[in-house]
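Structure first, commentary second.
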Amino acid sequence: MDYQILLRLTSIYNIQFLIGWILYLNSPIVTAFWNDVSVGLKTRQVRFFGLEHMSMMTLAVFMINIVNNLVKKKIGSNGFTYLWKRYIWIGLIIISSIPWSFSPFTNRPNFRY
């Protein structure tokens with residue numbers, strides 16, 4: 001039962017990852033970053049959305065999938081402890097890469113009208 005919940009959560013992360021990549025590839029900020037990388041690396045907001053945000057989120061989803069596959073072998077023994085410790089690190093990666101409205105990396109509002 002617990003492993004089924006883990007599989008469903010991992011599927012949700014993977015779907016969000018695919019939606020994120022579709023939005024990433026269609027973003028005008030990302031297009032501006034890749035059209036002139038040297039200027040994009042010097043501009044904080046363009047660099048965050050063009051490089052940092054997506055690379056950290058990709059790393060987090062890869063780590064989620066790896067941990068999910070490794071925890072299958074540990075079900076019943078110390079699987080929860082193993083999972084909990086890794087998910088704390090993955091959560092910190094995700095939280096640090098979200099474009100919060102108060103973040104010094106971006107100055108975008110949470111909701112645009």
Side-chain angles (χ1 to χ4, degrees):
M1 177 66 182
D2 293 336
Y3 187 69
Q4 294 299 321
I5 294 170
L6 180 63
L7 283 177
R8 287 189 180 105
L9 289 175
T10 304
S11 297
I12 291 170
Y13 281 122
N14 289 330
I15 291 168
Q16 177 66 35
F17 177 69
L18 291 175
I19 292 169
W21 265 101
I22 291 168
L23 293 173
Y24 176 80
L25 295 173
N26 293 316
S27 170
I29 296 175
V30 173
T31 303
F33 175 79
W34 289 112
N35 284 340
D36 195 359
V37 176
S38 62
V39 173
L41 287 173
K42 295 175 186 173
T43 309
R44 182 183 297 187
Q45 185 167 345
V46 175
R47 182 184 65 231
F48 178 79
F49 286 105
L51 185 65
E52 295 170 3
H53 173 70
M54 205 57 189
S55 61
M56 294 303 282
M57 292 299 184
T58 301
L59 174 68
V61 170
F62 282 146
M63 288 175 66
I64 287 169
N65 284 299
I66 290 169
V67 167
N68 184 24
N69 287 331
L70 292 176
V71 81
K72 281 192 280 191
K73 300 171 186 167
K74 297 181 181 285
I75 291 177
S77 60
N78 61 350
F80 182 74
T81 305
Y82 178 86
L83 185 68
W84 177 248
K85 289 177 184 177
R86 270 95 185 146
Y87 262 53
I88 287 175
W89 287 107
I90 294 168
L92 290 174
I93 290 171
I94 291 172
I95 288 172
S96 70
S97 301
I98 293 174
W100 302 103
S101 60
F102 55 82
S103 171
F105 299 117
T106 62
N107 52 0
R108 294 175 56 172
N110 285 335
F111 301 102
R112 292 181 276 178
Y113 301 100

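Both backbone and side-chain heavy atoms feed into the values below; hydrogens, waters and symmetry mates do not.
Cluster partners of L18, using a side-chain heavy-atom cutoff of under 4.5 Å among ILVMFWY residues and allowing indirect links: none. Other cluster members for I15: I19, L23, joined by side-chain heavy-atom distances under 4.5 Å among Ile, Leu, Val, Met, Phe, Trp and Tyr.
With values rounded to the nearest 0.5 angstrom, T10 atom OG1 is found 11.5 Å from I5 atom CD1. Here the straight-line distance linking atom CD1 of I29 with atom OG1 of T43 works out to 11.0 Å at 0.5 Å rounding. With rounding to the nearest 0.5 Å, the separation of CG in L25 from CH2 in W34 is 10.5 Å. Rounding to the nearest 0.5 angstrom, the gap separating the CE atom in M56 from the CG atom in L51 is 10.5 Å. The CG atom of L59 sits 4.5 Å away from the CD1 atom of I93 when rounded to the nearest 0.5 Å.
Here the side chains of N68 and L6 are in contact, with some heavy-atom distance below 4.5 Å. For the pair I64 and L9, the minimum side-chain heavy-atom distance is 4.5 Å or more.
For the pair D36 (side chain) and A32 (backbone), a donor-acceptor distance under 3.5 Å is absent. Using a distance-only test at 3.5 Å, with no hydrogens or angles considered, a donor-acceptor pair links the side chain of H53 to the main chain of S97.
Follow the hydrophobic side-chain contacts under 4.5 Å out from V71 and you reach L7 in the same cluster. In terms of hydrophobic clustering, with Ile, Leu, Val, Met, Phe, Trp and Tyr side chains grouped at heavy-atom distances under 4.5 Å, F33 and V39 are assigned to different clusters.
The aromatic rings of Y24 and W21 stand perpendicular to each other, their planes meeting at an angle above 60°, with 30° marking the opposite boundary.
Remark: aromatic rings of W84 and Y87 are distant, center separation not under 6.0 Å.
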| Pair I98-M57, side chain to side chain contact (heavy atoms under 4.5 Å, CB included): steps then yes or no | CA-CA 9 Å; I98 293 174; M57 292 299 184; 3.9 Å; yes
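Taking a 6.0 Å sphere around CZ of F17, one finds it holds more than 12 heavy atoms contributed by other residues, nucleotides or ligands.
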